[in-house]
Engineer: 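Got a structure for you, written out below as structure tokens; questions coming shortly.
Model, not experiment: these values are computed from the prediction. Scope of the values below: all heavy atoms of this structure, side chains included, with no hydrogens, waters or symmetry mates. Ligands are counted one by one from 1 in listed order, and the atoms in each one are counted from 1 as well.
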Amino acid sequence: MKHLKPLILFLLLTVTSVSYAQNSKTAKMNAYIKALMAKMTLDEKIGQLNLPSIGFDITGPILSQGVEGKIEKGLVGGVFNTYTPEAVRKLQDIAVKKSRLKIPLLFGYDVIHGHRTIFPIPLGLSASWDIPLIEKTARTAANEATADGLNWVFSPMVDIARDPRWGRVSEGAGEDTWLGSQIAAAMVHGYQGTDLNKNNTVLACVKHFALYGAIEAGRDYNMVDMSERKMFEVYLPPYKAAFDAGAGSAMSSFNEINGVPASGNKWLLTDLLRKQWGFKGMVATDYTAIMELMKHGVGDEPQVAALALKAGVDMDMVSEIYLAQLKKLVQSKKIDVFYVDQACRRVLEAKYKLDLFTDPYNRITNTRSAEMMSADKMALAQSAAQKSMVLLKNQQGVLPLKSNAKIAFIGPLVKDQRNLIGNWSGAGDWKQAISFWDAVQPQYPNNKFSYAKGCNLLDDTAMITKLNLNGADIVPDVKSPAKLIDEAVSVAKDADVVVAFLGESFMMTGEASSRSDISLPENQKTLLKALKATGKPVVLVLMNGRPLTLSWENENLDAILETWYAGTRAGNAIADVLFGKYNPSGKLTMTFPRNVGQIPIYYNAKNTGRPFDEKEKYTSKYLDVANTPLYPFGYGLSYSAFSYSPISLNKTNIAITDKLQATITITNIGNYAGEETAQLYTRQMIGSVTRPVKELKGFQKVFLKPGESKTITFTLTANDLKFYDINMKYTNEPGQYKIFIGTNSQDVMEADFKLRL
Ligand code: BGC
């Protein structure tokens, strides 16, 4: 007790002095910006809101013209798609040497899963369930991005995604709100580090605000119509987590929300984001989103400019509508100059926080090229790739492969490099990605490996034409499909085991890549059937950017390994996993449906009044397909197997201030050492509103040698059980709860407890 007083005093003093320092820092910034803005003309203020693309544009029309001249006139606040110190310096020189007020530029870029060193696509990374690792990949990306002159990244993408038809599920962390929130915060910390004024940090941009992952029918850019409850329970928390982690900027999304496009949505960008959540950073739109407000049908050009600005959009990405309209609108008193000032101030604040006013060149130097793709980064890429892979099936221990066996590696992706780094691979160079074939050959010099291409990635010419327009580089083989299959079958017949490398072209995933059929392309299925007919064990190694429908494959093949697009070191990591140097530990963060008709399908669904019961006709189910997914959320096998003891609880009736401790013992009952991710879910049995049948609330990783057991304890408090009650109040309700702990969202142990208030 007697030590407590000085401790409290010390803590109080620390908190007070930290907040004093913070206040004085903010006061200094405010004074600086006020003085600067006092010198600015209306044109220059509007100029700060202009965010053109210079370099190359991949996701929309190239509208930005004469950017260098505009920078000189003070009509540009930042640019994106320009990188390398030389290219960035050229533009920064114009801004700080030739423009009247010498205001430095922001340099943004889509650094999504690495910059030069490419990590697995975000959906893959999330399957590692390794939050420190994910933070490290963002930190590494920030290092490389700043070494390339950048100070702003359009990441993290934190859209909850439950419709695998949407190509952009590859860019996020999957379907779960809780896990998505942890990952969102970790990425912001990784990018922004501890202090944005350090020259290896970048401003993070949380996107796509908001609800872009819920677009109807999984068709890109489509509308979102959603209840307030669903927004707050499921879709909004990851954005909030990213802002709470200090993210300095946000990107307003393309979609409408209940009739109001996000990029002109005052409720979203001001009432919720700023007033309710206290966000103090800057908002830029997504690509040409202000211009698109006209197509949404909410105004002509002057109207949409006013709508976006008043809603809370600070920077206009590519549309240049602010530049064209805002001055006239202010002069004709259609909008108050207050709105321009407010947006301008926010942009300048971002620059101030990045310390650009002290040194506009603080991230522009030619001396950091050795940091790019350095050995430690490549090692991290390989480890991240290993950890992202998910073993979906492994019958009779066909995996790991025995290196002295006769193995036939078949498929268009065995030797492929182009697809390995996936979509949105920033400044990554696919030619530096290591193919599986190049990785595996030198490791096993006396091998009995054979190869056949087996099929083209795609034979559908209409699809190939579409994908190649955007750089998929699919070149059909000179040999006919029948010849390719014949060759593959004869190679397979001569082997002990067949390993087929198949999947999607990376261009079938990502933006504007929605699919209504998410199975493997037909020609690949034909190859698989021919391989199966040889009677040899067949292993399927998948590269793809979304959950696929794999019912036939699951039923007929011996093993399936999901590798996503695993990045620069994909080939090495796949070899490590296939031959057992790394025991797979990844767990799905998105449910794999049995067929597209089941979509949307996700683990934390509601029970309904007639929950599924096989024996009863009038229950919630399909006649033609099982209700369960093919692979549930959280699912992923290991070369070993883990058993779970029953859950033991320290109490079965907890008060609001109590800690509930749930203890479980996990044993490695297989023959390989490996890592298991034990997942904890809860269910509120009775609520003032209906509650999901399971909600993820935590997980722990344990590494176990064969035969080894470890006892782990999860601690839950009433806080973890809060939800939005019937009055949309975030609170606790007393009553009966269930707790589940297990290896995935379906296979769990369970126990009951009560919460009293
Ligand atoms: C995408 C964003 C991206 C932006 C800038 C848009 O088409 O939706 O995710 O950050 O382009 O490249």
Engineer: Hey, does Glu171 come in under 3.5 Å of ligand 1, counting only N/O atoms on both sides?
Structural biologist: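 No: no nitrogen or oxygen of Glu171 is under 3.5 Å from one in ligand 1.
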
Engineer: Taking the six-membered ring for Trp and the single ring otherwise, decide whether the centroids of His115 and Tyr83 are under 6.0 Å apart.
Structural biologist: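 Judged by ring-centre distance (under 6.0 Å), His115 and Tyr83 do meet the cut-off.
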
Engineer: Does any N or O of ligand 1 fall below 3.5 Å from an N or O anywhere on Asp110, backbone included?
Structural biologist: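 Right, the criterion is met.
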
Engineer: Could you check whether Lys266 pairs with Asp271 (Lys NZ or Arg NE/NH1/NH2 to Asp/Glu carboxylate O, under 4.0 Å)?
Structural biologist: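 Looking at Asp271 together with Lys266, the answer is yes, because their closest N to O distance falls below 4.0 Å.
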
Engineer: Among all residues two or more places apart in sequence or in another chain, which pass the side-chain hydrogen bond (donor to acceptor under 3.5 Å, both in side chains) test with Lys73?
Structural biologist: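 Once residues adjacent in sequence are excluded, Lys73 has no partner under the side-chain hydrogen bond (donor to acceptor under 3.5 Å, both in side chains) criterion.
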
Engineer: Establish, yes or no, whether the cationic atom of Lys387 lies under 6.0 Å from the six-membered ring centre of Trp564 and within 45° of the ring axis.
Structural biologist: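 The answer is no, since Lys387 fails at least one limit relative to Trp564.
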
Engineer: Going by side-chain hydrogen bond (donor to acceptor under 3.5 Å, both in side chains), name the residues that satisfy it together with Lys280, two or more places apart in sequence or in a different chain.
Structural biologist: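 With neighbours one apart ignored, the set is empty.
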
Engineer: Answer yes or no for Arg162 and Tyr602: cation-pi contact, defined as NZ/CZ to six-membered ring centre under 6.0 Å and angle to ring axis within 45°.
Structural biologist: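 Positive - Arg162 is close enough to the ring of Tyr602 and near enough to its axis.
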
Engineer: Quick one: does Arg168 get an N or O within less than 3.5 Å of an N or O on ligand 1?
Structural biologist: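 Arg168 vs ligand 1: N/O contact under 3.5 Å present.
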
Engineer: For Phe80, take its heavy atoms, then give the atoms of ligand 1 lying under 4.0 Å from any of them.
Structural biologist: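 Selected atoms, number and element: 5 (C), 12 (O).
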
Engineer: Suppose I only count heavy atoms of Lys207 and a 4.0 Å limit; which atoms of ligand 1 are within that range?
Structural biologist: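 Reading through ligand 1 atom by atom, the close ones are 2 (C), 3 (C), 9 (O), 10 (O).
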
Engineer: List ligand 1 atoms under 4.0 Å from Asp286, heavy atoms only on the residue side.
Structural biologist: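 By the 4.0 Å cutoff, the relevant atoms are 1 (C), 2 (C), 3 (C), 4 (C), 6 (C), 7 (O), 8 (O), 11 (O).
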
Engineer: In this structure, does ligand 1 have an atom that sits under 4.0 Å from one of the heavy atoms of Met157?
Structural biologist: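 No.
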
Engineer: Would you kindly specify which portion of Glu511 sits under 4.0 Å from ligand 1, judged on non-hydrogen atoms: side chain, backbone, both or neither?
Structural biologist: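 For Glu511, the contact with ligand 1 is made by the side chain alone.
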
Engineer: Mind checking whether Tyr212 has a heavy atom under 4.0 Å from ligand 1?
Structural biologist: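 Outside the 4.0 Å threshold, so no.
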
Engineer: Does atom CZ (Arg219) have a neighbourhood of more than 12 heavy atoms from anything else shown, all under 6.0 Å?
Structural biologist: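 At most 12 heavy atoms, drawn from other residues, nucleotides or ligands, come within 6.0 Å of this atom.
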
